[in-house]
Amino acid sequence: MPELPEVETINRGMKKYLIGKVISKVEVDWFKSLAYDQKFINKHLINARIDSIDRRGKVLIISLSNNFNLLFHLKMTGQLVYKSDKERFGAGHPSDSLINKLPDKSTRIIFYFNDNSKLFFNDQRKFGWAKILDQESLKEFEYLNKLGPEPLDKDFSLKIFKARLDLRKNSKIKSVLLDQSIIAGLGNIYTDESLWMAKIHPLEVINKLSQSRIQKLYESMLEVLNLSISRGGSSDRNYIDIVGKKGTYIDFANVYKKAGMPCKRCSTNIIRIKVASRGTHICPKCQKLLK
DNA sequence: CACTTGACCTGTCCGC
DNA sequence: TGCGGACAGGTCAAGT
């Protein structure tokens with residue numbers, strides 16, 4: 001599931017609800033989601049307080065008072081949902097059916113806090129993971145070390161964007177945008193949306209793109225990511241935020257999952273093709289391969 | 001080096 | 001209704 005805007009939405013929600021909480025118990029229902037023995041988990045998580053929370057690419061990093069860190073990658077179907085015993089959502093609340101039914105059959109880990117609130121890690125497809133890393137292992141953590149820059153950082157200029165793309169100038173643009181080591185955080189939805197907005201075919205080789213096309217892509221990418229964050233992300237299937245709410249960006253999508261619908265610019269029907277073995281949505285008229 | 005495929009998993013949807 | 005296949009927001013390893 002989650003790409004940058006969804007993970008960022010969860011990051012903000014977790015900051016709001018979880019800072020200062022002390023973990024009192026951890027239950028793991030699927031070993032691979034938190035692949036440590038229970039003794040290790042208890043030793044490093046129980047009585048630890050949540051000091052700060054951050055996002056890097058699609059990963060969430062929770063810093064604990066004991067100098068350990070709890071990391072999450074939600075992959076396709078991961079959810080992190082907070083449930084407080086005090087603030088029950090009443091009937092009719094959009095979150096009601098989701099939250100009050102937890103834990104459910106996709107719950108893989110439950111974190112209990114000392115005020116009786118809980119954090120559920122749900123993951124239908126079991127691809128996601130959580131990790132417990134001390135400061136040293138965090139610094140050496142391959143996944144994070146390989147990540148490219150954050151596209152929404154203030155320092156992430158057009159110049160840097162061009163330099164990142166130049167690292168793979170003989171490759172096709174969509175594969176490169178999906179490569180987390182080039183730029184961190186884009187996934188299938190936001191690459192398709194950004195490329196449509198910039199009128200670039202996903203199979204275009206980077207070398208062939210003009211400077212102005214690349215600038216347009218840079219601006220489109222930032223616009224799409226910022227809009228999505230402001231809408232709480234995309235709930236195409238099962239993405240929900242920390243309190244169980246869906247994101248509404250998908251209502252603004254121009255191509256993603258829009259095959260057969262008219263392009264908003266030229267009315268040509270959007271089509272679905274395969275790129276890097278991912279379903280890819282384009283307007284065949286607006287996004288033509290360059291000669 | 002660039003690119004594809006299969007693996008990791010569960011669930012839903014569509015056509016027959 | 002049942003069954004098989006395609007497909008799903010991500011990443012990694014292995015093969016061409």
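Sequence lines set the chain letters: A, B, ... in the order given, protein chains first and strands last, and positions in each chain run from 1.
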So, taking the atom named NZ in A:Lys25 and the one named CG in A:Leu45, what distance separates them when rounded to the nearest 0.5 Å? 14.0 Å
Looking at residues at least two apart in the chain, or sitting in another chain, which of them share a ring pair (Phe, Tyr, Trp, His ring centres under 6.0 Å) with A:Tyr218? A:Phe161
Step by step, would you call A:Glu140 with A:Asn145 a side chain to side chain donor-acceptor pair (under 3.5 Å)? CA-CA 7 Å; A:Glu140 290 164 7; A:Asn145 289 336; over 6 Å; no
If the cut-off is 4.0 Å, is A:Lys146 near the phosphate of C:dT11, judged by side-chain N/O to OP1 or OP2? no
Ion pair check, A:Lys58 and A:Glu3, cut-off under 4.0 Å: no
If you write DNA chain C from 5' to 3' in dot-bracket form, with Watson-Crick or G-U pairs under 3.5 Å, [ ] for crossing pairs and | for pairs with another strand, what do you get? .|||||||.|||||||
Within the structure shown, what part of the strands sits under 4.0 Å from A:Ser234 by heavy-atom distance: base, sugar-phosphate, or nothing? base
Taking ring-ring contact (aromatic ring centres under 6.0 Å, His included) as the criterion, tell me which of A:Tyr249, A:Trp196, A:Tyr256 meets it with A:Tyr190. A:Tyr249
Tabulated below should be each protein N or O lying under 3.5 Å from an N or O of nucleotides 5-7 of chain C; please produce it.
from, atom 1, to, atom 2, distance (Å)
C:dC7, O3', A:Arg272, NH2, 3.1

Say whether, by atom type as modelled, one donor and one acceptor occur between the side chain of A:Ser220 and the main chain of A:Lys216 under 3.5 angstrom. yes
Is it true that the side chains of A:Ser84 and A:Tyr17 contain a donor and an acceptor less than 3.5 Å apart? no
Do A:Gln215 and A:Gln211 have a side chain donor and acceptor closer than 3.5 Å? no
Scan nucleotides 6-9 of chain B against the protein and return all N/O pairs shorter than 3.5 Å with their distances rounded to 0.1 Å.
from, atom 1, to, atom 2, distance (Å)
B:dC9, OP1, A:Lys32, NZ, 2.3
B:dC9, O2, A:Arg125, NE, 3.0
B:dC9, N3, A:Arg125, NH2, 3.4

Grab the NZ-P distance between A:Lys169 and B:dA2 for me, whole Å please. 11 Å
A:Lys105 vs B:dG11: side-chain N/O to OP1/OP2 distance below 4.0 Å: yes
Could you walk me through whether A:Lys16 and A:Tyr82 satisfy the side chain to side chain donor-acceptor pair (under 3.5 Å) test, starting with their C-alpha distance in whole Å, then the side-chain angles of each, then the deciding distance to 0.1 Å, before giving a yes or no? CA-CA 11 Å; A:Lys16 185 169 166 189; A:Tyr82 174 73; over 6 Å; no
For atom CZ of A:Phe141 and atom C1' of C:dT11, their distance in whole Å: 12 Å
Please list, chain by chain and in numerical order, all residues satisfying ring pair (Phe, Tyr, Trp, His ring centres under 6.0 Å) with A:Phe40, sequence neighbours excluded. A:Tyr36, A:His44
Return the residues of residues 171-191 of chain A meeting this criterion: a heavy atom under 4.0 Å from some atom of DNA chain B. Order them by number, or give none. A:Ser171, A:Lys172
For C:dG10, does either OP1 or OP2 sit under 4.0 Å from a side-chain N or O belonging to A:His73? no
